[in-house]
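The structure appears right after this line, and notes come after that.
In what follows, every chain begins at residue 1, and chains take the letters A, B, ... in the order their sequences are listed.
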Amino acid sequence: MTLFLEQLLNGVQFGVMLFLLAAGLTLIFGIMGVINLAHGSIYMIGAYAGTWVAAETGSFWLGIPAGLAAAAFAGVVIEFLVVRRLYGRDHLDQVLATFGLILIFNQAITMLFGRQPLFVSMPALLDGSVELLPGLFYPVYRLAIIVVGLLVALGLYLLINKTRVGMLVRAGSTNREMVRALGVDVRLLYTLVFGLGALLAGLAGFMAGPILAVQVGMGEQILITTFVVVVIGGVGSIRGAFFASLILGIVDTSLRAYLPGLLRQIMVGPEADALGAGISSMGIYLLMAIVLLIRPKGLFIRNS
Amino acid sequence: MILKKALLAISVSAFAVLPALAQDAVKIGMITTLTGPAGYLGQDVRDGFKLAMEDGKLGGVPVDLLVEDDGLKPGQGKQIAERFLNEDKIKLFTGIVFSNVAGATVPDIVDSGAFYVSPNAGPSNLAGKECNENYFVVSWQNDSLHESAGQLATNLGYKKAFILAPNYQAGKDALAGFKRYFKGEIAGEIYTRLDQTDFAAELAQVRAAKPDVVFQFHPGGLGITFLRQYEQAGLMKEIPMVVAEPSMDGVTLAAVGDAALGLNLTSHWNSDFDNAANKKFMDAWNKAYNRPVTYYAAQAYDTALAYASALKATDGNIDDADAFRAALRKADFESVRGKFSFGPNQHPVQDWYALKVEKGPEGKPIIKTVGEVFKDHGDAYAAECKM
């Protein structure tokens with residue numbers, strides 16, 4: 001039972017990390033209609049900037065504003081210099097241009113920091129494990145990620161549902177042309193949304209630093225999964241991204257944790273392990289295929 | 001500092017495009033992994049190989065080293081090999097770090113009559129029935145890395161092991177190798193993903209199985225992440241680990257730091273080896289690069305020496321493949337690991353050592369050689385190889 005709870009926490013923790021990335025991606029895709037492959041690069045920039053500052057100053061906490069600022073700045077610059085020219089183009093051009101950005105950023109980071117991964121040590125406050133239930137130890141840092149992720153989700157909920165900017169964002173994601181026709185400064189809104197998405201990606205990147213290695217290409221590893229989240233949750237829906245992230249996080253974790261064991265009961269050892277590992281890495285894509293069959297627009301978009 | 005590095009990098013890459021090649025240089029094609037989390041492995045392979053090139057020469061013969069990045073993608077490695085073979089007419093190849101890339105690429109190379117000398121990957125499928133007279137491995141056959149770890153775990157008296165490796169050829173070889181020499185019971189066995197970044201789910205299973213030792217094979221950035229998360233989960237104090245060198249190289253150690261103290265590992269080479277060739281290598285490395293040395297660099301250095309010995313013996317004439325092959329097979333070079341020879345399947349026969357992470361004289365953890373595990377150890381597949 002404690003093992004199950006621990007795996008559930010692992011799933012939720014993976015889920016909120018995905019959410020931080022997917023929230024930005026789904027807004028950009030939903031409101032601006034731009035496929036931004038470079039979102040993973042922004043995640044990487046946040047991680048590198050934050051980790052570098054934290055390592056140079058010796059303070060983990062100083063890394064947070066540095067990572068966020070660098071990511072948001074990179075996001076706004078990318079929007080201003082590249083993405084702004086892509087709104088009218090088709091998706092292929094957007095994919096090509098933002099894929100080019102990935103290559104440029106990866107090479108630039110390699111030149112600046114080298115190929116060996118960067119590391120930041122955890123602040124003493126968040127180091128170590130805590131006993132949540134008798135026998136259930138869980139790393140404090142991962143709990144902190146869950147808390148921060150949920151707070152961000154709450155903040156986004158309030159921002160999107162209770163403010164004027166949020167109203168424009170919602171309007172933009174349902175009917176872009178109409179918002180434009182009503183005389184809203186769409187350009188500003190776009191830059192704002194892009195910057196916000198970048199900020200969240202940077203936050204995710206910096207928080208990932210102490211657990212994962214900060215390395216060139218770290219963004220691409222998680223980007224595909226993030227796109228799966230966006231598709232399952234429904235393009236443009238923050239609520240969808242939130243629930244899809246959690247579902248995906250938990251499904252992925254529990255497949256990895258339990259599938260080989262289940263298969264081992266009906267098959268011989270090594271084959272079960274290899275097959276289990278194979279199927280569990282396909283799991284989220286299978287889930288996406290099923291969702292697309294049943295609800296082609298995503299789980300949280302009303303079919304109209 | 002960063003700016004200086006950037007300028008340096010820009011100027012270096014500007015030079016790289018200049019055609020500075022002599023007409024009669026022997027071309028060597030290096031396909032290796034330079035990008036992604038495992039990028040530092042390929043970087044060390046490339047830089048270690050270059051250390052052995054004196055004034056652009058190997059064995060007195062001018063060579064032209066062409067380096068391409070496979071990005072850890074088998075398809076990309078295959079494409080580069082085709083281009084090297086058909087357009088650049090390259091006959092000598094090396095560089096591949098990962099077994100899945102090697103599996104897709106090496107057969108094409110050797111089937112077309114070119115040579116491949118591996119500085120790292122030694123997958124089992126190419127060591128036995130599918131061995132080839134133009135395919136040499138200077139590093140090790142994959143299994144033997146982990147056979148030594150299995151033997152060490154047995155020697156240390158562990159009875160119940162939990163074992164983990166990524167789900168690809170080298171991972172399967174790793175678990176097979178460990179199990180071949182580990183005499184205790186296997187408490188659990190998990191295949192992770194080669195692109196996995198978070199091991200929380202696996203670590204929870206390790207904790208629940210209560211083994212008395214953990215063996216894991218995760219090369220490059222994977223291993224760093226694994227070890228850090230293992231430590232963060234509080235497992236480092238609870239369950240000791242025995243690994244082979246890919247899971248604890250110089251870079252991994254620098255990243256994990258004090259948390260790795262007491263870790264047992266096995267290797268065929270270590271930076272503290274007391275032989276003339278190794279001292280020369282370590283001096284050259286420390287002079288040229290300001291970063292921790294890894295065994296990838298040492299193996300690539302040996303690979304370059306192997307090519308140098310054959311180029312020297314044949315006077316740079318690689319058109320006579322039989323003579324070149326015979327010269328390579330002699331392994332007439334001073335390896336940084338001391339004794340070295342090729343077995344019947346042209347994979348190494350060498351000694352394996354027990355290493356331990358200890359506090360060094362400057363207070364930083366270092367990897368120290370503490371004993372021997374195997375003497376003149378070949379591999380399990382040599383008997384299946386008919387040449």
Requested in this report: Flag the one option from B:Gly257, B:Ala201, B:Ala38 with the top tally of heavy-atom pairs under 4.5 Å to chain A.
Outcome: B:Ala201
Query - Partner chain A: residue of B:Gly39, B:Ala200, B:Gly234, B:Gly188 with the largest heavy-atom pair count (under 4.5 Å) - result: B:Ala200
**Report entry** Shortest non-hydrogen separation from A:Leu212 to B:Thr225 and the atoms involved
**Finding:** CA-CG2, 3.6 Å
**Report entry** Distance-minimising heavy-atom pair for B:Ile224 and A:Pro117
**Finding:** CD1-CG, 3.9 Å
Report task. Determine the option with the most heavy-atom pairs under 4.5 angstrom with chain B, choosing from A:Thr2, A:Leu3, A:Thr253, A:Val140. Result -> A:Leu3
For [Y], does its backbone N or O pair with a side-chain atom of [X] as donor and acceptor, under 3.5 Å?
{"X": "B:Arg228", "Y": "A:Pro210", "result": "yes"}
{"X": "B:Glu202", "Y": "A:Ala257", "result": "no"}
{"X": "A:Glu6", "Y": "B:Ala204", "result": "no"}

Query raised in the report: Quick one: what part of B:Gln196 sits under 4.5 Å from any heavy atom of chain A, side chain, backbone, both or neither?
Result: side chain
Requested in this report: Heavy-atom distances under 4.5 Å only: say whether B:Leu34 touches chain A with side chain, backbone, both or neither.
Outcome: both
Using a 6.0 Å cut-off, check whether atom [atom1] of [X] has over 12 heavy atoms from anything other than its own residue.
{"X": "B:Lys210", "atom1": "NZ", "result": "no"}
{"X": "B:Lys160", "atom1": "NZ", "result": "yes"}
{"X": "A:Tyr258", "atom1": "OH", "result": "yes"}

Report task. Nearest 0.5 Å please: distance from the CG atom of B:Leu235 over to the CZ atom of A:Phe137. Result -> 11.0 Å
Report summary line: Taken to the nearest 0.5 Å, the spacing of A:Asn10 CG from B:Phe199 CZ works out to 13.0 Å
Given a strict heavy-atom distance threshold of 4.5 Å, which part of [X] is in contact with chain B: side chain, backbone, both, or neither?
{"X": "A:Gln107", "answer": "neither"}
{"X": "A:Met122", "answer": "side chain"}
{"X": "A:Asp127", "answer": "neither"}

Query raised in the report: Are the side chains of B:Gln232 and A:Ile211 in touch, meaning some heavy atoms are under 4.5 Å apart?
Result: yes
**Report entry** Test item: A:Arg256 and B:Arg193 side chains (from C-beta on) under 4.5 Å apart, heavy atoms
**Finding:** yes
**Report entry** A:Arg142/B:Asp198 ion pair, N-O < 4.0 Å
**Finding:** yes
